[in-house]
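Have a look at the structure below, then the notes.
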There are 2 protein chains.
Amino acid sequence: QVLKCEYAVRGEIVNIAQRLQQELQVKPDSKPFDEILYCNIGNPQSLGQLPITFFREVLALCDHPAILDKSETQGLFSADAIERAWQILDQIPGRATGAYSHSQGIKGLRDTIAAGIEARDGFSVDPNDIFLTDGASPAVHMMMQLLISSEKDGILCPIPQYPLYSASIALHGGSLVHFFMEHYLNTQESFYLLLAKSKGITVRALVVINPGNPTGQVLSEDNQREIVEFCKQEGLVLLADEVYQENIYVPEKKFHSFKKISRSMGYGENDVSLVSFQSVSKGYYGECGKRGGYMEVTGFGADIREQIYKVASVNLCSNISGQILASLVMSPPKVGDESYESYCAERDGILSSLARRAKTLEDAFNNLEGVSCNKAEGAMYLFPRISLPDKALKAAKVEKTAADAFYCQRLLNATGIVVVPGSGFGQVPGTWHFRCTILPQEEKIPAVVSRLSDFHKSFMEEFRD
Amino acid sequence: QVLKCEYAVRGEIVNIAQRLQQELQVKPDSKPFDEILYCNIGNPQSLGQLPITFFREVLALCDHPAILDKSETQGLFSADAIERAWQILDQIPGRATGAYSHSQGIKGLRDTIAAGIEARDGFSVDPNDIFLTDGASPAVHMMMQLLISSEKDGILCPIPQYPLYSASIALHGGSLVHFFMEHYLNTQESFYLLLAKSKGITVRALVVINPGNPTGQVLSEDNQREIVEFCKQEGLVLLADEVYQENIYVPEKKFHSFKKISRSMGYGENDVSLVSFQSVSKGYYGECGKRGGYMEVTGFGADIREQIYKVASVNLCSNISGQILASLVMSPPKVGDESYESYCAERDGILSSLARRAKTLEDAFNNLEGVSCNKAEGAMYLFPRISLPDKALKAAKVEKTAADAFYCQRLLNATGIVVVPGSGFGQVPGTWHFRCTILPQEEKIPAVVSRLSDFHKSFMEEFRD
């Protein structure tokens, strides 16, 4: 199972990039570029994005509560950060930020998160449905562990998908049942369910990533309702990856959680089994290193809930700083708080810059010969499709590489730009893509565009039939 | 696999305790005790142990580096904490404490940890052998995932064992091959290997917890050498749980890592496959909530190493605060540092208090009728054996409970003291034990002893044949 598992965003291309970076350090003039630009992974702070000040103030104070009532602290920290730290400490039994918590996470923090989801969706949330986790990845693994007992258990995933899903399904010995549909525009999934059945596979769950990774789509409400209806009718667990809920860049689209959609269709606890994943790694905060997140688990029987709890218990609990941060992102400063204005300025600055970067890159890709790029509605990625000349396909074959990996390695060696070949995510056979994050700092975007465009032109020239 | 998995330290007894605690909150006079005393889990800070100031200072500064060069900071933080925070930030690419790191953890922190292990053992360490993890539990799961592909793969564990191992082996679908031997005094393991083989099970690895959980033993060097030799001869991976390496309470015993023992026997990289687990949750620091730790992986081929790396990659990386803390516990303040004396006072205060608590509880247990308690040489637990009267065994049978669970539930209901039944760890059939931590605050120990002794007397009276 481990051998079968592949994880493209940290795969071969990243190893090559790290080698090039080491070579650059030793011999700065040895390459046609002076730095490696990591556009392979949604890791904003590694590319210079700064953390949100209020969040870090609260984390620092919770890490070292001994300074909370010192006078110097008031000069260093905002008043609402100090107040929030006190509130959080009071929610932790014995104010012990160094203790294991309840396996689902600190109850008071789950209350805060529940209130945040209620404010977002307008439907009630039970804090006991919240499981705090070290980011979304362990939460996904936990659910796969519960859903899969052998290769006869299938998980339905749209292709392209984020490799966390394929990797996790492989690790737990299940079958990934794919369907090719970039935008979930209709529910052809039934066909794939039947196909799976004919192979002896029982499909247990459907994965939906919204906003989408790698394709950046934001689903329409109609489409979301169709998906909920489909899961209800087929008795599938809906695994809703909603970690990009804050990352929407076009005014005509809005985020709606699947929980809200499901409840607004009149479906309650007993109608649809639904897991919503959230993470502190994405959004405008991008706190990947903190490993915080949660899943909201609804519509499961008490017996299954007990098993989810047991699996959560085996790792004792998620890290407390990550738990605190998850509560903060679901309950940021409010009007009237000392930090409110600076917080909004930081948040909006990041989100509007991301929107500009997304649009610039999207336009640039669409300007390249043989490249068509999806609209960057949300998330942190573009997934341009590239029509490669036959000569390039043949050259890739000679090197025993997938054609998109061949293109991406050429790009990396020529420009230092790291993108992930589409084959790591899955794509319609015979089509080629790559995934590029929108995260390089804004002042570097023009250089990314020109280096990438120059490379693409010379690549197309070299392999023109 | 999930159904099979059990995790006693967070099991049924804890659920009862939480219910009692809620009842106490509503009606403080409803029980014969006024608080629940959690002696079920090694979670020192939940029972009032304070964190080490220097560690928390550095963590806070790394969480909010913006204050590092403010003048107020010098009034609030020690000079060496500020210096260390700068050093750590300089080891993180872009000083980005909010970025995903290398899947094995930040290289500079691994260098620090490697140097700490070298100083401890006197043998060289390759920083590339270090994998930073969210505590020891995920590291153990990672190794079980790699070692187990079906129920034909066995892991040899001494009984009693810490339920993380039985739970993890069950979750990954392998077979726990046990042997009854509290102190690894001889290598009867061969017999159990043959027995497993006769059932079609191939034993892949041997688990050793040293200092021991739940039995608190510290292995002699001779015994450690026998274990290394046994693993070498049988070609077993040695999984060395060394998370209690700082917790030794008797002057005649010392901690020796299995790596040091193996190297001092002349065995190198190619002779023994060895994984050493360490955690920030134990020791004198007890930072359970931070979820930090590492494993040092030696003696595996490049192909296996690649697979370990892949499994680590699927969760991206462990949390950065936990990574920083793991580097700090392996490199605490040194002579001449501003914090050195206060650090030593904090550390020695905790360790000497733990030693006194261990001795007091050990003596108290040994004074009870029908109870014999192991010597508390190390770790955080006592594992007294209780001879229960036949009448009690029958009463347990009527309630369909294991006899030790029956005793522990009675104890909890009468005194509010939570201990874990020995059956959660495994024990020689027909014997009964419970595990009790040595962690209640020192001023509460007399009350623990008297409540427990009173309960035990009345229990024995009630069930006297």
Side-chain angles (χ1 to χ4, degrees), chain A residues 1-3 5 7 10 41 43-48 51 53 56-57 59-61 63-64 66-67 70 72-73 75-76 93-94 96-101 103 134-135 137-138 141 145-146 149 164 167-168 171 281 286-291 307 310-311 313-322, chain B residues 1-3 5 7 10 41 43-48 51 53 56-57 59-61 63-64 66-67 70 72-73 75-76 93-94 96-101 103 134-135 137-138 141 145-146 149 164 167-168 171 281 286-291 307 310-311 313-322:
Chain A
Q1 287 162 18
V2 173
L3 284 171
C5 153
Y7 201 54
R10 293 240 162 167
I41 189 166
N43 193 10
Q45 295 193 30
S46 74
L47 298 175
T53 305
R56 291 304 191 98
E57 285 184 321
L59 288 182
L61 291 167
D63 265 345
H64 193 35
I67 62 171
K70 298 265 172 74
E72 293 98 330
T73 302
L76 280 178
T97 53
Y100 294 126
S101 71
S103 301
D134 291 314
S137 305
H141 291 309
Q145 184 148 48
L146 284 153
S149 71
L164 165 64
S168 187
L171 273 180
S281 303
E287 289 277 18
C288 303
K290 294 295 173 188
R291 312 311 290 122
Q307 299 306 318
K310 206 165 69 179
V311 173
S313 298
V314 174
N315 274 330
L316 294 160
C317 67
S318 60
N319 83 86
I320 305 296
S321 297
Chain B
Q1 287 164 17
V2 173
L3 284 172
C5 153
Y7 201 55
R10 293 240 161 167
I41 188 165
N43 194 9
Q45 294 193 30
S46 74
L47 299 175
T53 305
R56 291 302 191 99
E57 285 183 323
L59 288 182
L61 291 166
D63 265 345
H64 193 36
I67 63 171
K70 299 265 172 73
E72 293 98 330
T73 303
L76 280 177
T97 54
Y100 294 126
S101 72
S103 301
D134 292 313
S137 305
H141 291 309
Q145 185 148 48
L146 284 153
S149 73
L164 165 65
S168 186
L171 274 179
S281 303
E287 290 278 16
C288 303
K290 294 296 173 189
R291 313 309 292 121
Q307 300 306 319
K310 206 166 68 179
V311 172
S313 297
V314 174
N315 274 329
L316 296 158
C317 67
S318 61
N319 82 86
I320 305 298
S321 297

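Letters A, B, ... are given to chains in the order of the sequence lines, protein chains preceding strands, and every chain is numbered from 1.
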* Asked: Can you find a pair of side-chain heavy atoms, one from B:Lys290 and one from A:Asp63, that are under 4.5 Å apart?
  -> yes

* **Closest-packed option against chain A by number of heavy-atom pairs under 4.5 Å, given B:Ala60, B:Ala96, B:Ser281, B:Gly98** => B:Gly98

* Can you tell which of A:Ile320, A:Asn319, A:Asp134 has the highest number of heavy-atom pairs within less than 4.5 Å of chain B? -> A:Asn319

* Structure fact -> Whatever's closer than 4.5 Å to a heavy atom in chain A on B:Pro51 counts as neither

* To do: With the side chain counted from C-beta on, respond yes when A:Val314 and B:His141 share a heavy-atom pair under 4.5 Å apart, and no when they do not.
  => yes

* Asked: Side chain, backbone, both or neither: which part of A:Pro93 has a non-hydrogen atom closer than 4.5 Å to chain B?
  -> neither

* To do: Provide the closest heavy-atom pair for A:Asn43 versus B:Tyr100 in the form atom of the first, atom of the second, distance.
  => OD1-N, 2.8 Å

* Asked: Sub-3.5 Å donor-acceptor pair from the side chain of B:Arg291 to the main-chain atoms of A:Leu316, do we have one?
  -> no

* Return the minimal non-hydrogen interatomic distance between B:Cys288 and A:Ala99, and the atom names on each side. => CB-C, 4.1 Å

* Asked: In chain order, what residues pass the side-chain hydrogen bond (donor to acceptor under 3.5 Å, both in side chains) check against B:Gln45, with sequence neighbours excluded?
  -> B:Arg56, B:Glu287

* Asked: Is there a side-chain contact between B:Thr73 and A:Glu72 (heavy atoms, below 4.5 Å)?
  -> no

* Structure fact -> Of all heavy-atom pairs linking B:Pro138 and A:Asn315, the shortest is N-OD1, 3.7 Å

* Asked: Roughly how far, to the nearest 0.5 Å, is the CG atom of B:Leu59 from the OG1 atom of A:Thr97?
  -> 9.5 Å

